[in-house]
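The structure appears below as C-alpha cells.
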Protein chains: 2
Amino acid sequence: MTEKAAPSPEAIKAWARLMRVSRQLMESAEEALKAAGLPPLAWYDVLHELAEAGEGGVRPFQLIERTLFAQYNISRLLARLEADGLVEKLPVADDGRGQTIRITAKGRETRRRMWAVYGRSIAELVGAKLSADELTMVSALLGRLRHPPVVD
Amino acid sequence: MTEKAAPSPEAIKAWARLMRVSRQLMESAEEALKAAGLPPLAWYDVLHELAEAGEGGVRPFQLIERTLFAQYNISRLLARLEADGLVEKLPVADDGRGQTIRITAKGRETRRRMWAVYGRSIAELVGAKLSADELTMVSALLGRLRHPPVVD
DNA sequence: TCAAGCTTGATGCAATTGCATCTATTGCCT
DNA sequence: AGGCAATAGATGCAATTGCATCAAGCTTGA
C-alpha cells in the first residue's frame, strides 16, 4: 500500500528537529572553541580517537571508519595536525602503503584544553536541559537510527 | 559543587549519538539527492521556505532566521538559485536596501522533484526505524535542546 | 536637516570540502 | 613468478564556506 513511501508527519517533524538542533548545537560548541582560541571540533574528534588508541597509534583508514570523515578529509586533517606537531606519522612494519598515526604530548595537551571547553558546552547545551533518564532515552532512540542500529 | 561543569556520561553519550547520527542521516539524504541528479539539501531548505511563503515572497534576512544559514551563505545560495531560474529577486517598495525573494514555477517543480527523493529518505531513515510515538518523543526531547526550547 | 549609527545584502580573499584521479603496495589467482 | 584487482593514502582542481569588510539605504536624535 505504501508504495510511495511518503514519510509520516511524525517522521518529518523528528527529522526536522534532528537536523536543526544538531546543527545549532554543533555551531554553539564550535563557537565556544573558537572564542577560546582553540581548533575546530573535527580536530577534537581525531585527537580523541588517537588518545584512546594510546601508544600503538591508529591507521588512517581506522579513523575514517570511526569518525565517518571522508578519506580525503582525514588525509588532509592529519597533514594539518602533523604540521602543528599534534600527531606523528610512523611507517608501519608489515604494510608498506600505510602509516600509523600517534598522538604526541602536545596533541594530548591540546585535546585536554579543548575538552575543558567542549565538555562545558556539552554540559550546558545538553546536560542542563534534560535529566539523566531523558538523556539515556535520547541515546537509545537515536541509536536505533544509526546504521547499523545499536540496541544498548 | 559542580563548578567545573563537567558533563555527565549520559550527556556525553547523548551528544555523541546526536552528532554522529545526524551527520550520517544527512549524508545519506544528500547522497540520495545527488544520485538522482538533484541539487543539495540546502537548496531544498530554502525552496521549502519560499514555497511556504507563497507569492508574497520572503526577505533574505527572514530566510537567515528560519534556516539558520549564515548571511553570506544565503546571499550566495540565492545568487545560485537565481542563476538557475528557481527564484527571482524583486525590489521591495518601502526599503531600498532590501529585496524580496519569490520562488518561480521552475523552483516549485524542482522542489517537488527533490521532495520525492528527500521524503523517501526521511521515511526510510527515520520513519521506518521508530514508531509514531517514539518519533513524537524524539521530537519533544530534541525540542527542549533547541534554543529557545520548544515545549509542544 | 544632517551626522552617527544601525540594518540589509554583497563580495574579496583565504581555508576547507568534494570530486576524481593518481601512485604505491599488497594480496590473490593462475 | 606474473598479472590483475583491491587497498591505502595523497593530491590537482573546482566549488563552497568562513571571515572580514564594504556599500547603500534607513532611522534617530540633537
Side-chain angles (χ1 to χ4, degrees), chain A residues 23-24 26-46 49-50 53 57-84 87-102, chain B residues 23-24 26-46 49-50 57-84 86-102:
Chain A
R23 188 162 45 177
Q24 199 175 40
M26 173 116 60
E27 267 170 29
S28 293
E30 201 82 72
E31 203 175 313
L33 285 171
K34 187 163 349 186
L38 291 167
L41 263 185
W43 288 37
Y44 184 84
D45 288 352
V46 169
E49 290 299 331
L50 291 172
V58 186
R59 299 284 300 267
F61 73 88
Q62 295 177 302
L63 287 174
I64 292 168
E65 294 165 2
R66 296 179 197 178
T67 64
L68 303 186
F69 289 133
Q71 183 270 322
Y72 57 80
N73 223 323
I74 285 289
S75 177
R76 295 200 253 228
L77 182 43
L78 289 176
R80 278 172 238 151
L81 288 171
E82 187 188 28
D84 263 44
V87 309
E88 48 190 352
K89 299 182 173 182
L90 311 170
V92 61
D94 57 340
D95 189 340
R97 296 166 297 186
Q99 48 191 297
T100 295
I101 309 297
R102 191 166 62 193
Chain B
R23 190 162 43 178
Q24 198 176 41
M26 173 117 59
E27 266 169 31
S28 293
E30 201 83 70
E31 203 176 312
L33 285 171
K34 188 166 344 186
L38 291 167
L41 263 185
W43 289 37
Y44 183 85
D45 288 352
V46 169
E49 290 298 331
L50 291 171
V58 187
R59 300 284 300 271
F61 73 88
Q62 297 177 302
L63 287 174
I64 292 167
E65 294 164 2
R66 295 178 199 178
T67 62
L68 302 186
F69 288 135
Q71 183 270 321
Y72 57 80
N73 222 323
I74 286 289
S75 178
R76 294 199 253 228
L77 182 42
L78 289 176
R80 278 172 239 151
L81 288 170
E82 188 187 29
D84 262 45
L86 304 183
V87 308
E88 49 192 350
K89 299 182 173 182
L90 310 169
V92 63
D94 58 340
D95 189 340
R97 295 165 299 186
Q99 46 188 300
T100 296
I101 309 298
R102 191 166 63 194

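In what follows, every chain begins at residue 1, and chains take the letters A, B, ... in the order their sequences are listed. The structure presented is a predicted model; accordingly, all values stated were derived computationally and were not measured.
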By a strict heavy-atom criterion of less than 4.0 Å, which residues belonging to residues 26-33 of chain A are in contact with DNA chain D? none

Axis-to-axis angle across the helix from C/dT1-D/dA30 to C/dT30-D/dA1, five pairs an end, to 10 degrees? 10°

With sequence neighbours excluded, residues passing side-chain hydrogen bond (donor to acceptor under 3.5 Å, both in side chains) with B/Asp95: B/Arg97

Base-contact (B) and sugar-phosphate-only (S) positions in nucleotides 13-22 of chain C, heavy-atom cut-off under 4.0 Å, - elsewhere: B--SBBB---

Please report, rounded to the nearest Å, how far the P atom of C/dA10 is from the CD1 atom of B/Ile64. 9 Å

Taking atom CG of B/Leu50 and atom CG of B/Leu63, what is their separation to the nearest 0.5 Å? 5.5 Å

With the threshold set at under 4.0 Å for non-hydrogen atoms, list the residues of residues 86-100 of chain B touching DNA chain D in residue-number order. B/Asp95, B/Gly96, B/Arg97

Take atom CG of A/Leu78 and atom C1' of D/dA10, then tell me their distance rounded to the nearest Å. 11 Å

Minimum heavy-atom separation for A/Lys89 to A/Ile101, with atom names? CG-CD1, 3.7 Å

Let me confirm one number: the CG-CH2 distance from A/Leu78 to A/Trp43, rounded to the nearest 0.5 Å. 10.5 Å

May I ask you to test the A/Arg66-A/Val58 pair for a side-chain heavy-atom distance under 4.5 Å? yes

Report yes if the side chains of B/Pro40 and B/Lys34 come closer than 4.5 Å at any heavy-atom pair, otherwise no. no

Output the distance between atom CD1 (A/Ile64) and atom CZ (A/Phe69), rounded to the nearest 0.5 Å. 11.0 Å

Show the nearest heavy-atom pair for residues A/Gly98 and A/Arg59, with the distance to one decimal. CA-NH2, 3.3 Å

Please enumerate all residues that pass side-chain hydrogen bond (donor to acceptor under 3.5 Å, both in side chains) together with B/Gln24, with sequence neighbours excluded. none

Quickly work out the A/Ile74 CD1 to D/dT11 P distance and round it to whole Å. 16 Å

Using only atom types and a distance under 3.5 Å, with no angle test, would you say the side chain of A/Glu49 pairs donor to acceptor with the backbone of A/Val46? no

A/Leu41 backbone acceptor or donor facing A/Glu30 side chain under 3.5 Å: yes

Taken to the nearest 0.5 Å, the spacing of B/Arg76 CZ from B/Glu82 CD works out to 15.5 Å

For B/Leu90, is there any backbone N or O sitting under 3.5 Å from a side-chain donor or acceptor partner on B/Arg102? no

